[in-house]
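Order of the sequence lines fixes the chain letters, A, B, ..., with proteins taken first and strands second; residue numbering starts at 1 for each chain.
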Protein chains: 2
Amino acid sequence: MAKKPYHHGSLRPALLAGAMELLEQKGAPSLSLREAARMAGVSQTAPYRHFAGKEALLAALAARGFEELTRALDEVAATGNAAETLHATGRAYVDFALARPQLFRLMFGPEIRDKSVFPETLEAAQGAYSRLTAAVEAYLASRRIHVKTPRVPAVTAWSLVHGLASLLIDNQITDMEEDGKNRLIDAVTGFFVTGG
Amino acid sequence: MAKKPYHHGSLRPALLAGAMELLEQKGAPSLSLREAARMAGVSQTAPYRHFAGKEALLAALAARGFEELTRALDEVAATGNAAETLHATGRAYVDFALARPQLFRLMFGPEIRDKSVFPETLEAAQGAYSRLTAAVEAYLASRRIHVKTPRVPAVTAWSLVHGLASLLIDNQITDMEEDGKNRLIDAVTGFFVTGG
DNA sequence: ACCTGAACACCGTTCAAGT
DNA sequence: ACCTGAACACCGTTCAAGT
């Protein structure tokens, strides 16, 4: 039986855990610092000893999201030839968004105004981006395509999967059965490798 | 000199105008019904005679946004051959997002939970989508490409431009001069027609 | 038919004070 | 070093009352 000591002891991780739960339930805008504090059993102002404010807590959640996305992309890396790997990378990106829509929105949305203020978040985001870039560049190399600006194909592939993920989680693509939706995702994520 | 009569007379349009101004300044989450009421010179609760709540007001703003986007797409329709028109349509879509980022986010974001609750908004959204679909289908026809599910290429093209627009306005594509950014937009929006 | 005023249940954040 | 309590300036929304 915890006797509610004056000092929590590990409040920071407790706040993050509670906030992550609230995030998937209600989204970042409805997530409140006060409710996260209540879940951890501390006063409304206790979080300010561990986070500069709400945005800093959200940035910490986003960093965890980017790390999770990076792991998901790493899992499908080098599971086939370069074209198959690129397709699987795109599919994993979309699957991540569908599995954790609120976290995905937070990671890329405007709640965190400037990632450079939160180095941990910025670094984690760059880690995920580097996996995408690597898959695109490996694919281009395998097809002996030489480009002067590798950023263009990387952003093209990223736009394709990011756009599909966004449209899906924001319910812009409706009136489809689960089966048709899956084929659609395969077709769109495969477009970059199958060509126009 | 208006003598602040008890009845405003045209409060609904006045609220929409004020809210649209606030939207581009601070974004939908920070836009408050109370501030829009203050701008119109009425009490905090007056908006409830004209809108069911904040979401209904946002939905009305989003409907205007979709109408504006539709006009922008119509302006570039049939300005060249089918491939050029499709490319211009994509470019116009991204340009709209860059010109009105907060409105774009509102139109496609989670603030409006279910467009079918707001028929005006749903209809306006479908109008814009139909312009995109038309451009894609005209392009496919011009290249004599026959597909059984025209939705797949339509969603592919949409994902590409929607993803690029989202990444740009959410500041995910950084460290670029204006010139390189413009070339990037041209390359990505052109990818669907130039092929992989 | 349209608008106001007071009230309720919330927020994020600050600051002096407590252990 | 970490946490609390009271306070400030906000929200969205409801409801009885005013014109």
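- Counting any heavy atom pair closer than 4.0 Å across all strands shown, A/Thr45 reaches a base atom.
- With hydrogens and angles ignored, the 3.5 Å screen pairs a side-chain donor or acceptor of B/Gln172 with a backbone N or O of B/Asp170.
- Ring geometry, A/Phe108 versus A/Phe104: the interplanar angle falls from 30° to 60°, so the pair is classed tilted.
- Linking Ile, Leu, Val, Met, Phe, Trp and Tyr residues whenever their side-chain heavy atoms come within less than 4.5 Å places A/Leu160 and B/Leu140 in a single cluster.
- Two residues are said to be in side-chain contact when any heavy atoms from C-beta on lie closer than 4.5 Å; A/Thr79 and A/Glu84 fail this criterion.
- Each of A/Ala46 and B/Tyr6 was matched to the nucleotide of DNA chain D holding its nearest heavy atom; the match closer to the 5' end belongs to A/Ala46.
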Bracket notation of DNA chain D in which parentheses pair within the strand, [ ] cross earlier pairs, and | pairs with another strand (Watson-Crick or G-U, under 3.5 Å): ||.|||||...|||||.||

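- Side-chain atoms of A/Ser30 never come within 3.5 Å of backbone atoms of A/Gly27 as a donor-acceptor pair (strictly under, hydrogens ignored).
- By the salt bridge (Lys or Arg N to Asp or Glu O under 4.0 Å) test, B/Glu35 pairs with B/Lys26, sequence neighbours left out.
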Check against side-chain contact (heavy atoms from CB on, under 4.5 Å), B/Gln25 and B/Gln102: CA-CA 8 Å; B/Gln25 273 170 36; B/Gln102 304 282 14; over 6 Å; no

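- Although no hydrogens or angles enter the test, the distance criterion places a donor-acceptor pair under 3.5 Å between the side chain of B/Thr121 and the main chain of B/Ala59.
- Read 5' to 3', the first and last nucleotides of DNA chain C with an atom closer than 4.0 Å to a heavy atom of chain B are C/dC2 to C/dA6.
- If you find the closest nucleotide of DNA chain C to B/Leu11 and to B/Gln44, the one lying nearer the 5' end belongs to B/Leu11.
- Within 4.0 Å of A/Leu31, counting heavy atoms only, lie sugar-phosphate atoms of the nucleic acid but no base atom.
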